[in-house]
K.L.:
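Quick one: structure below, then a few questions.
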Amino acid sequence: MTQYAYPRELRLLTPVDFQNVFNNPPVKAVSREFTMLAKPNDLAYPRLGVTISKKTAKRAVDRNKIKRIVRETYRLKQHKLSGFDIIVIAKPGVTKLDNHALSELLNYLWRKLSKRCVQYSSAS
RNA sequence: GGAGUCAGCCAAGACAAUCGCUGCUUGCGUAAGCAAGGGGAGGAAAGUCCGGGCUCCAUAGGGCAGAGUGCCAGGUAACGCCUGGGCGGCGUGAGCCGACGACUAGUGCAACAGAGAGCAGACCGCCGAUGGCCCGCUUGCGGGAACAGGUAAGGGUGAAAGGGUGCGGUAAGAGCGCACCGCGCAACUGGUAACAGUUUGUGGCACGGUAAACUCCACUCGGAGCAAGACCAAAUAGGGAUCCAUGGGGUGGCCCGCCUCGGAUCCGGGUAGGUUGCUUGAGGUUGCAGGCGACUGCAGUCCUAGACGAAUGAUUGUCCUCGACAGAACCCGGCUUAGCGGCUGACUCCGCCU
């Protein structure tokens, strides 16, 4: 029953981790509201980081909500993303979506990203 | 019943299931962990506008500068907050609002309009007593015009025109005189004080407005902030001490000499990172006592988020009145701003019934 857990190991924790992914990420998935960047990490599990600027979502409440939904969908999809560090960047416009639309969109992006990760792994 | 005033309380709608996050307690385990139980955003957590605690730095004492506050008294750790009182204003009222010290210390400012705006001012008007002019005559009187001049009653301008009303007075007027009202000053009385007074005396009586204008007066203020500060501490560069070795490399033909390079241990320093600060506090609550009240004292009782790329959530189902503003980041006391509603109590005005 622990397979959908979200412990600290599955997160990006330090500025170094973040910078590492931002530098030339080989795999991307993009929509109007989000950008996902991924990079292999030599681990048996994925790690996630979420970025939302104050410019994107003015209120702290909105930023928290988006982070929670991103994490929730990631938690349920994590097994298809093993071995990659991932950063999700929210872009202006996300605040217009409700919870349901956000989940739909994110699930679509996760599928896209995992497919590309698999392709990248087998190619190299 | 309607309209309203004040005070207090509640508020990510309620319930269930599943999957998660994070502290705490207990049990098991060497440990990593596992299991169970229980806790997990706000009234504004916000703006960061004031005031403190705490921490480090600075500091003999005093002054200047600068900043802030500004009716009085009290409360408080402190305040620009709160309470009570005074004064002024608004409201029929319950109540509400007010940077509300000083322009008889000095300096400055006042657009436009207006004749005149600060030891005022004659545009229209009124008068023309007095002096001059014209006419008449009884030669000192009558009449006339309005030149000098007088006049702040009336009109007009303005945010503001140098007390108001009435009577007297006068050529016309005028605090010029008087009465009442108002005002200034002093005394007295009440009040801790601000201040008040159907009190007494006195002055014919302006001393205009403006200090979020300079300024004056009184009082307050050292600086930086939890990324404060404390501790542990990889790596790397360099430093110190002790011991070991008496060596390697360069220069040179070689020796001396000169330059340069060690090994081990420890110390100091402190980057990444980690730990701490971190939640028990000027705390909540109950009772008693003091106080008009803010609040205070004593006794009992309770523990109520503590994260750090940053938890407090997601999905589904059912129901309803269909859910605002909004997310802790060291901690408190305030202020301000945002905002869908619900509940309770006290009071006021209007209408109706008895």
Side-chain angles (χ1 to χ4, degrees):
Chain A
M1 292 306 283
T2 60
Q3 54 191 351
Y4 293 118
Y6 179 62
R8 294 179 62 77
E9 286 76 31
L10 298 188
R11 308 179 199 177
L12 294 176
L13 294 176
T14 64
V16 177
D17 295 334
F18 273 78
Q19 226 14 267
N20 186 42
V21 180
F22 276 123
N23 291 332
N24 303 315
V27 183
K28 298 178 187 174
V30 179
S31 79
R32 197 187 311 169
E33 291 82 6
F34 289 102
T35 298
M36 292 181 172
L37 309 174
K39 196 173 195 179
N41 62 5
D42 300 325
L43 296 169
Y45 47 84
R47 293 190 298 180
L48 174 73
V50 183
T51 302
I52 308 177
S53 71
K54 275 196 180 171
K55 228 172 171 182
T56 306
K58 211 173 158 193
R59 295 182 305 168
V61 173
D62 294 332
R63 293 197 293 277
N64 281 341
K65 187 189 81 176
I66 291 161
K67 281 189 195 172
R68 281 164 182 160
I69 292 173
V70 170
R71 278 199 289 266
E72 183 68 15
T73 55
Y74 162 80
R75 188 171 69 80
L76 299 170
K77 286 274 191 287
Q78 55 177 287
H79 297 291
K80 308 207 164 152
L81 301 160
S82 295
F84 283 87
D85 283 347
I86 301 157
I87 291 180
V88 177
I89 303 165
K91 295 192 280 193
V94 281
T95 50
K96 291 177 189 154
L97 299 175
D98 61 20
N99 287 8
H100 191 73
L102 274 172
S103 303
E104 294 273 301
L105 175 67
L106 284 163
N107 281 327
Y108 165 74
L109 286 169
W110 288 124
R111 275 201 301 278
K112 209 158 133 186
L113 190 74
S114 89
K115 209 181 282 179
R116 290 180 187 176
C117 285
V118 169
Q119 284 173 2
Y120 174 80
S121 300
S122 55
S124 58

K.L.:
With the criterion being N/O to N/O and under 3.5 Å, what pairs connect the protein with nucleotides 326-329 of chain B, and how long is each?
P.N.:
{"unit_1": "B/A326", "atom_1": "OP2", "unit_2": "A/Arg59", "atom_2": "NH1", "d": "2.9"}
{"unit_1": "B/G327", "atom_1": "OP2", "unit_2": "A/Ala60", "atom_2": "N", "d": "3.3"}
{"unit_1": "B/G327", "atom_1": "N7", "unit_2": "A/Asn64", "atom_2": "ND2", "d": "3.3"}
{"unit_1": "B/G327", "atom_1": "O6", "unit_2": "A/Arg68", "atom_2": "NH1", "d": "3.3"}

K.L.:
Any side-chain heavy atom of A/Val94 sitting closer than 4.5 Å to one from A/Thr56?
P.N.:
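Yes, side chains in contact.
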K.L.:
On a heavy-atom basis, which atom in A/Phe84 and which in A/Cys117 lie closest, and how many Å separate them?
P.N.:
CE1-CB, 3.5 Å
K.L.:
Provide the distance between the two C1' atoms, one in B/C335 and one in B/A305, to the nearest whole Å.
P.N.:
26 Å
K.L.:
Take atom CZ of A/Arg63 and atom C1' of B/A311, then tell me their distance rounded to the nearest Å.
P.N.:
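Atom-to-atom, A/Arg63 to B/A311, this comes out as 16 Å.
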K.L.:
Using atom P in both nucleotides, what's the gap between B/C207 and B/C103 to the nearest angstrom?
P.N.:
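Each nucleotide's P atom is 14 Å from the other's.
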K.L.:
Which way is the base of B/U242 turned, syn or anti, if we draw the line at 90° from 0?
P.N.:
anti
K.L.:
Take the protein atom NZ of A/Lys54 and the nucleotide atom C1' of B/A310, then report the distance between them rounded to whole Å.
P.N.:
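Rounding to the nearest Å, NZ of A/Lys54 and C1' of B/A310 are 14 Å apart.
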K.L.:
Measure CD/A/Glu104 against C1'/B/U315 and give the value in whole Å, please.
P.N.:
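Computing the A/Glu104:CD to B/U315:C1' distance gives 12 Å.
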K.L.:
With the side chain of A/Glu72 defined as its heavy atoms from C-beta on, choose the nearest nucleotide among B/A314, B/U316, B/A310.
P.N.:
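For A/Glu72, the side-chain atoms sit closest to B/A314.
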K.L.:
Using purine N1 to pyrimidine N3 plus N6-O4 or O6-N4 for Watson-Crick, or N1-O2 and O6-N3 for G-U wobble, both under 3.5 Å, which nucleotide pairs with B/C292?
P.N.:
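Here B/C292 is not engaged in any pair, so there is no nucleotide opposite it.
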K.L.:
Determine which nucleotide pairs with B/C298, using a 3.5 Å limit on both distances of a Watson-Crick or G-U wobble pair.
P.N.:
B/G287
K.L.:
Now, which nucleotide makes the Watson-Crick or G-U wobble pair with B/C330, with each of the two distances under 3.5 Å?
P.N.:
B/G53
K.L.:
I'd like the P distance from B/G281 over to B/G333, given in whole Å.
P.N.:
14 Å
K.L.:
Looking only at the side chain of A/Thr51 (C-beta and beyond, no hydrogens), which of the listed nucleotides B/A314, B/G309, B/A311 gets closest?
P.N.:
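Shortest atom-to-atom distance from the side chain points to B/G309.
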K.L.:
Taking the side chain of A/Arg75 as heavy atoms from C-beta outward, which of B/G20, B/G309, B/U315 is closest to it?
P.N.:
B/G20
K.L.:
Within the side chain of A/Arg63, is there an N or O that forms a donor-acceptor pair under 3.5 Å with the backbone of A/Ile52?
P.N.:
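Checking the backbone N and O of A/Ile52 against the side chain of A/Arg63, no donor-acceptor pair under 3.5 Å is found.
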K.L.:
Should B/G239 be called syn or anti, with syn set as within 90° of 0?
P.N.:
anti
K.L.:
Using purine N1 to pyrimidine N3 plus N6-O4 or O6-N4 for Watson-Crick, or N1-O2 and O6-N3 for G-U wobble, each under 3.5 Å, what pairs with B/U83?
P.N.:
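Partner of B/U83: B/A73.
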K.L.:
Does B/A172 fall in syn (glycosidic angle within 90° of 0) or anti?
P.N.:
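B/A172: anti.
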K.L.:
Which value, in whole Å, describes the distance between the P atoms of nucleotides B/G4 and B/U104?
P.N.:
48 Å
K.L.:
Roughly how far apart, to the nearest Å, are B/C183 and B/G351 at atom P?
P.N.:
39 Å
K.L.:
Whole angstrom is fine here: how far is it from OH in A/Tyr74 over to C1' in B/A311?
P.N.:
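It is 17 Å, rounded to the nearest whole Å.
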K.L.:
Scan every strand shown for a Watson-Crick or G-U wobble partner of B/G184, both distances under 3.5 Å, and answer none if you come up empty.
P.N.:
B/U202
K.L.:
Here's a test of your reading of the structure: between A/Val50 and A/His100, which maps to the more 5' nucleotide of RNA chain B?
P.N.:
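Per heavy-atom nearest nucleotide, the more 5' residue is A/Val50.
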K.L.:
Can A/Lys91 and A/Thr35 be counted as having a side-chain donor-acceptor contact under 3.5 angstrom?
P.N.:
yes
K.L.:
Would you indicate whether the side-chain heavy atoms of A/Ile86 and A/Val21 approach each other to under 4.5 Å?
P.N.:
no
K.L.:
When you group the ILVMFWY residues by side-chain heavy-atom contacts below 4.5 Å and let the links chain together, are A/Leu109 and A/Val118 in the same group?
P.N.:
no
K.L.:
Suppose you measure atom C1' in B/G334 against the same atom in B/A78; what distance do you get, rounded to whole Å?
P.N.:
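Comparing C1' positions in B/G334 and B/A78 gives a spacing of 11 Å.
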K.L.:
If I pick the P atom on B/C217 and the same atom on B/C181, what distance separates them, to the nearest angstrom?
P.N.:
42 Å
K.L.:
Can you tell me the Watson-Crick or wobble partner of B/C340, both distances under 3.5 angstrom?
P.N.:
none
K.L.:
Please report the interatomic distance NZ(A/Lys77) to CG(A/Leu106), rounded to the nearest 0.5 Å.
P.N.:
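It is 10.0 Å, given to the nearest 0.5 Å.
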K.L.:
Is the number of heavy atoms from other residues, nucleotides or ligands within 6.0 Å of CZ (A/Phe22) greater than 12?
P.N.:
yes
K.L.:
Looking only at non-hydrogen atoms, find the nearest pair between A/Ala29 and A/Arg116 and report the distance.
P.N.:
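Distance-wise, the nearest heavy atoms are CA-NH1, 3.9 Å.
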K.L.:
Where does B/U304 fall, syn or anti, if syn means a chi angle no more than 90° from 0?
P.N.:
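Classified syn.
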K.L.:
Looking at B/U348, which nucleotide sits across from it as a Watson-Crick or G-U wobble partner, both distances under 3.5 angstrom, or is there none?
P.N.:
B/A3
K.L.:
Picking from B/U316, B/C19, B/A310, which would you name as closest to the side chain of A/Arg71?
P.N.:
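Nearest to the side-chain atoms of A/Arg71, counting from C-beta on, is B/A310.
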K.L.:
Who is the Watson-Crick or G-U wobble partner of B/G323, with both distances under 3.5 Å?
P.N.:
B/C320
K.L.:
Which pair of non-hydrogen atoms, one from A/Trp110 and one from A/Val70, has the smallest distance, and what is that distance?
P.N.:
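In terms of heavy atoms, the two residues are closest at CZ2-O, 4.2 Å.
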K.L.:
Check the distance between B/C19's C1' and A/Gln78's CD and give it to me in whole angstrom.
P.N.:
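Going from A/Gln78 (CD) to B/C19 (C1'), I get 12 Å.
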K.L.:
Between B/G323 and B/G13, how many Å separate the two C1' atoms, rounded to a whole number?
P.N.:
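The answer is 5 Å between these two C1' atoms.
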K.L.:
Roughly how many Å is it from NZ in A/Lys67 to P in B/C21, rounded to a whole number?
P.N.:
18 Å
